[in-house]
Amino acid sequence: MKLIIAIVQDKDSNRLSSQFIEANVRATKLSTTGGFLRSGNTTFMIGIDDDRVNEVLEMIKKTSHAREQFMTPPVNLDVTMDGAAAYPVEVQVGGATVFVLPIEQFHQF
Ligand code: 2BA
């Protein structure tokens with residue numbers, strides 16, 4: 001058994017949840033915040049048998065889209081203002097960031 005941790009954009013999360021339900025994939029959805037953009041994203045925790053890992057990865061891959069997003073760097077008040085204005089920077093986010101971890105034990109009490 002493996003634990004898949006998948007960080008996806010909020011915009012893709014509902015479609016992915018629906019697909020998991022349809023395919024009988026058990027998942028837990030967490031509201032999370034990206035450390036860089038400091039805006040919301042969604043993290044799925046999916047406990048799944050080894051032989052279904054690739055199927056789940058395919059679903060995540062197909063549903064998660066890369067998008068351009070703008071972030072405004074924080075203004076540093078310690079520096080002189082010449083050239084220090086914070087201009088929005090464009091970053092590409094996603095599709096999805098996925099970790100696959102081995103599970104030592106799985107219990108449901
Ligand atoms: P954020 O940390 O908000 O990052 C959003 C996007 O900003 C990233 O997209 C990346 O394109 C860019 N970015 C992140 N850190 C950067 C930096 N130091 N300098 C320049 N650009 C930077 P993704 O790579 O697709 O990541 C999407 C989200 O997945 C991240 O949101 C974070 O929540 C998560 N993530 C990505 N890599 C991770 C990792 N190694 N460990 C844990 N979470 C991760």
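Read the numbers this way: they start at 1 and go in the same order the structure lists the ligands and their atoms. Numbers for residues simply follow the sequence, beginning at 1.
Inter-residue side-chain proximity for Val91 and Leu37 is flagged as met; some heavy-atom pair is nearer than 4.5 Å. Residues Asn24 and Arg26 have side chains in contact (heavy-atom distance under 4.5 Å, counting atoms from C-beta outward). Counting only heavy atoms from C-beta outward, the side chains of Phe20 and Val56 approach each other to under 4.5 Å.
At a 3.5 angstrom cut-off on N or O pairs, Val91 does not count as close to ligand 1. Considering backbone and side-chain N/O of Thr33, none are found under 3.5 Å from N/O of ligand 1. The distance criterion of under 3.5 Å between nitrogen or oxygen atoms is met by Gly35 with respect to ligand 1.
Rounded to the nearest 0.5 Å, atoms CD1 (Ile46) and CG (Leu16) are 6.5 Å apart. Atom NZ of Lys29 is separated from atom OG1 of Thr43 by 11.5 Å, given to the nearest 0.5 angstrom. Here the straight-line distance linking atom NZ of Lys61 with atom CG of Asn54 works out to 10.0 Å at 0.5 Å rounding.
Not one N or O on the side chain of Asn41 forms a donor-acceptor pair closer than 3.5 Å with the backbone of Gln9. Here the side chain of Gln69 pairs no donor or acceptor atom with the backbone of Val93 at under 3.5 angstrom. Side-chain atoms of Thr72 never come within 3.5 Å of backbone atoms of Pro88 as a donor-acceptor pair (strictly under, hydrogens ignored).
Using a 4.0 Å cut-off to heavy atoms of Gln92, the atoms of ligand 1 that qualify are 9 (O), 10 (C), 11 (O). In the vicinity of Asn41, heavy-atom distances shorter than 4.0 Å reach the ligand 1 atoms 28 (C), 31 (O), 33 (O). Listed by number with element, the atoms of ligand 1 under 4.0 Å from a non-hydrogen atom of Gly34 are 1 (P), 2 (O), 3 (O), 31 (O), 33 (O). Close contacts of ligand 1 with Phe99, meaning ligand atoms under 4.0 Å from a residue heavy atom, involve 39 (C), 41 (N), 42 (C).
At a 4.0 Å heavy-atom cut-off, ligand 1 touches Leu37 through backbone and side chain alike. Residue Met71 does not touch ligand 1, judged by heavy-atom distances below 4.0 Å. Residue contacts with ligand 1, taken as heavy atom pairs separated by less than 4.0 Å, do not involve Thr32 at all.
Within 6.0 Å of CD in Glu22 there are 12 or fewer heavy atoms belonging to other residues, nucleotides or ligands.
Counting only heavy atoms of the protein, atom 6 (C) of ligand 1 lies nearest to Val93 CG2, 4.0 Å. What sits closest to atom 34 (C) of ligand 1 on the protein, heavy atoms only, is Ile7 CD1, 3.7 Å. Here the protein heavy atom with the shortest distance to atom 17 (C) of ligand 1 is Phe36 CE1, 3.4 Å. What sits closest to atom 25 (O) of ligand 1 on the protein, heavy atoms only, is Gly94 N, 2.7 Å.
Nearest-residue assignment for atom 37 (N) of ligand 1 (options Val89, Ile5, Thr97; heavy-atom criterion): Thr97.
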